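One structure is given below, encoded as structure tokens.
Quick note: numbers below take in every heavy atom, side chains included, and nothing from hydrogens, waters or symmetry partners. Whatever order the structure lists them in is the order used to number ligands and atoms, beginning at 1. Quick caveat: nothing in here was measured; it's all calculated off a predicted structure.
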Amino acid sequence: MRKKNYFAGPSVLPVEVLETIRDNIVDYKGQGLSMIEASHRGGMFEEMYDECLALFRELLGIPEDYDVYFLGGGATLQFTMIPVNFLLKGKTADYCKTGSWANKAASDAMKLGDVNVIYDGKDNSYTKLPDPASIRPSENSSYVYICANETIGGIEWKSFPDTGDVPLICDMSSDILSRPVDVSKFGMIYGGVQKNLGPAGATFIIMRKDMLDRRNENVTAYMDYALHSKNKGLYNTPPVFSIWAVKLVLDWVKKMGGVDAMDRRAEEKSQMIYSVIDSSDFFRSPVDKAVRSRMNIVFRLPCEELEAKFIEESKKEGMLGLKGHRSVGGLRASLYNALPVEDVKALQDFMKEFERKNG
Ligand SMILES: *Cc1c(COP(=O)(O)O)cnc(C)c1O
């Protein structure tokens with residue numbers, strides 16, 4: 001029996017995707033070798049990769065004037081690559097510090113150039129987000145940086161700032177393909193795939209091509225987005241296994257009805273849990289209701305002893321990954337695209353029963 005998987009990342013994958021991998025891992029579609037044994041130049045990998053990129057474009061509605069490709073190194077490498085390329089000498093970059101992930105990106109950028117923190121949620125312990133209309137780039141800004149969904153804090157921008165001519169760069173690691181996005185409003189969108197798109201290893205990069213006209217020159221090869229753009233991510237060996245699985249997840253998303261269907265699903269699933277939290281004094285959400293995340297639901301119980309008991313007993317029911325991140329404590333249920341509605345229902349029932357017994 002498969003466990004119910006609420007891990008924040010790596011995280012649940014559609015079981016059909018795992019089965020397709022199982023069925024093809026030794027002999028990919030009767031070609032006599034595995035996808036993970038094939039060269040990444042030409043042949044079956046590149047054919048699959050091109051389909052993967054085309055499907056990603058189609059599902060997210062990525063315009064023609066944007067590059068799409070995958071790199072290694074995780075989202076974390078992008079915390080460095082972004083300022084190395086785009087934080088121009090004599091200029092500044094604007095960062096919105098909204099929680100663990102945006103804050104890490106800001107601290108890496110600060111080591112590489114002049115950073116202006118235009119929002120810092122420290123005073124509210126990163127439980128709120130600013131009004132997007134209040135986000136104005138500073139005069140000398142190379143770009144504005146935000147994180148769409150703070151996976152650890154459990155907050156999510158519901159709409160995005162309009163930064164005019166200054167490119168908006170966004171980390172969408174944990175909410176990509178959970179809702180429609182107007183890609184044309186962004187200079188760059190990126191993220192690790194291991195939350196909503198596949199197994200760990202690959203990082204997706206979506207970048208407006210003219211971003212390359214305003215980057216620092218003379219950076220080392222791997223750091224250079226222009227080099228990756230020219231090679232659609234195949235300058236060096238890409239994470240082939242992860243990319244193959246992403247392709248299969250994208251097939252699954254398409255079959256399920258695309259991003260609009262994922263959006264409705266995310267609304268339905270998150271409401272199932274938030275409705276339990278809202279209708280009880282036993283459960284408590286520490287974050288601003290207006291910006292609470294549909295992907296990562298952070299909640300508390302009346303005391304830490306009960307939280308420990310909740311985790312213990314949920315494990316016995318085959319429910320994994322409900323412990324909050326060590327930096328914030330409490331509980332967290334990640335309800336990514338691939339998590340079946342039945343598993344959310346099981347959590348809902350478990351929460352109600354736990355309150356009945358312990359409330
Ligand atoms: C998980 C996560 C990261 C870090 O991703 P790595 O691939 O581990 O580097 C960055 N940003 C967000 C929003 C995340 O959820």
Side-chain angles (χ1 to χ4, degrees), residues 5-13 60 69-84 95-111 119 121 126-127 129 143-158 160-161 168-179 181 186 188-207 222-223 228 233 238-243 245-246 249 266 270 287 291-298 321-328 332-339:
N5 182 343
Y6 313 95
F7 278 120
S11 43
V12 61
L13 289 166
L60 204 59
Y69 53 85
F70 293 88
L71 297 178
T76 302
L77 179 60
Q78 300 306 308
F79 299 167
T80 295
M81 283 180 72
I82 289 163
V84 161
Y95 277 73
C96 293
K97 291 182 70 175
T98 53
S100 303
W101 293 116
N103 296 4
K104 282 187 176 170
S107 84
D108 277 349
M110 281 171 194
K111 293 185 175 145
Y119 170 81
Y126 303 104
T127 59
L129 288 171
Y143 60 87
V144 174
Y145 183 97
I146 61 170
C147 175
N149 181 66
E150 287 285 0
T151 320
I152 293 173
I155 53 176
E156 177 178 52
W157 292 81
K158 299 298 170 183
F160 296 106
L168 181 61
I169 296 182
C170 185
D171 176 356
M172 289 195 191
S173 294
S174 50
D175 66 346
I176 188 74
L177 286 191
S178 71
R179 53 175 166 170
V181 169
F186 297 84
M188 174 182 178
I189 298 171
Y190 78 95
V193 302
Q194 71 272 23
K195 316 287 164 58
N196 238 351
L197 284 186
T203 308
F204 66 89
I205 308 286
I206 301 168
M207 189 184 293
Y222 199 84
M223 290 290 129
H228 292 304
V240 294
F241 182 88
S242 176
I243 289 170
V246 169
V249 171
S270 58
V287 304
V291 296
R292 57 194 187 181
S293 171
R294 302 189 307 176
M295 293 288 107
N296 311 98
I297 300 188
V298 171
L322 290 167
K323 196 172 171 24
H325 190 269
R326 59 190 183 281
S327 64
V328 292
R332 171 175 55 171
S334 295
L335 312 181
Y336 294 122
N337 284 351
L339 185 73

N/O pairs closer than 3.5 Å, ligand 1 and protein:
residue: ligand 1; atom: 7 (O); partner: Ala75; partner atom: N; Å: 3.1
residue: ligand 1; atom: 7 (O); partner: Gln194; partner atom: NE2; Å: 2.8
residue: ligand 1; atom: 8 (O); partner: Gln194; partner atom: NE2; Å: 3.4
residue: ligand 1; atom: 9 (O); partner: Ala75; partner atom: N; Å: 3.2
residue: ligand 1; atom: 9 (O); partner: Thr76; partner atom: N; Å: 2.9
residue: ligand 1; atom: 9 (O); partner: Thr76; partner atom: OG1; Å: 2.5
residue: ligand 1; atom: 11 (N); partner: Asp171; partner atom: OD2; Å: 2.6
residue: ligand 1; atom: 15 (O); partner: Thr151; partner atom: OG1; Å: 2.4
residue: ligand 1; atom: 15 (O); partner: Lys195; partner atom: NZ; Å: 2.5

Residue pair Lys97 / Tyr126: nearest heavy atoms and the distance that separates them: O-CE2, 3.4 Å

Side-chain donor/acceptor of Ser334 to backbone N/O of Asn296, under 3.5 Å: no

Note: Arg179-Asp175 ion pair, threshold 4.0 Å (strictly below): yes

Minimum side-chain heavy-atom gap Asn149-Ser174 below 4.5 Å: yes

With sequence neighbours excluded, residues passing side-chain hydrogen bond (donor to acceptor under 3.5 Å, both in side chains) with Tyr6: none

Ring geometry between Tyr143 and Tyr95 (parallel below 30°, tilted from 30 to 60°, perpendicular above 60°): perpendicular

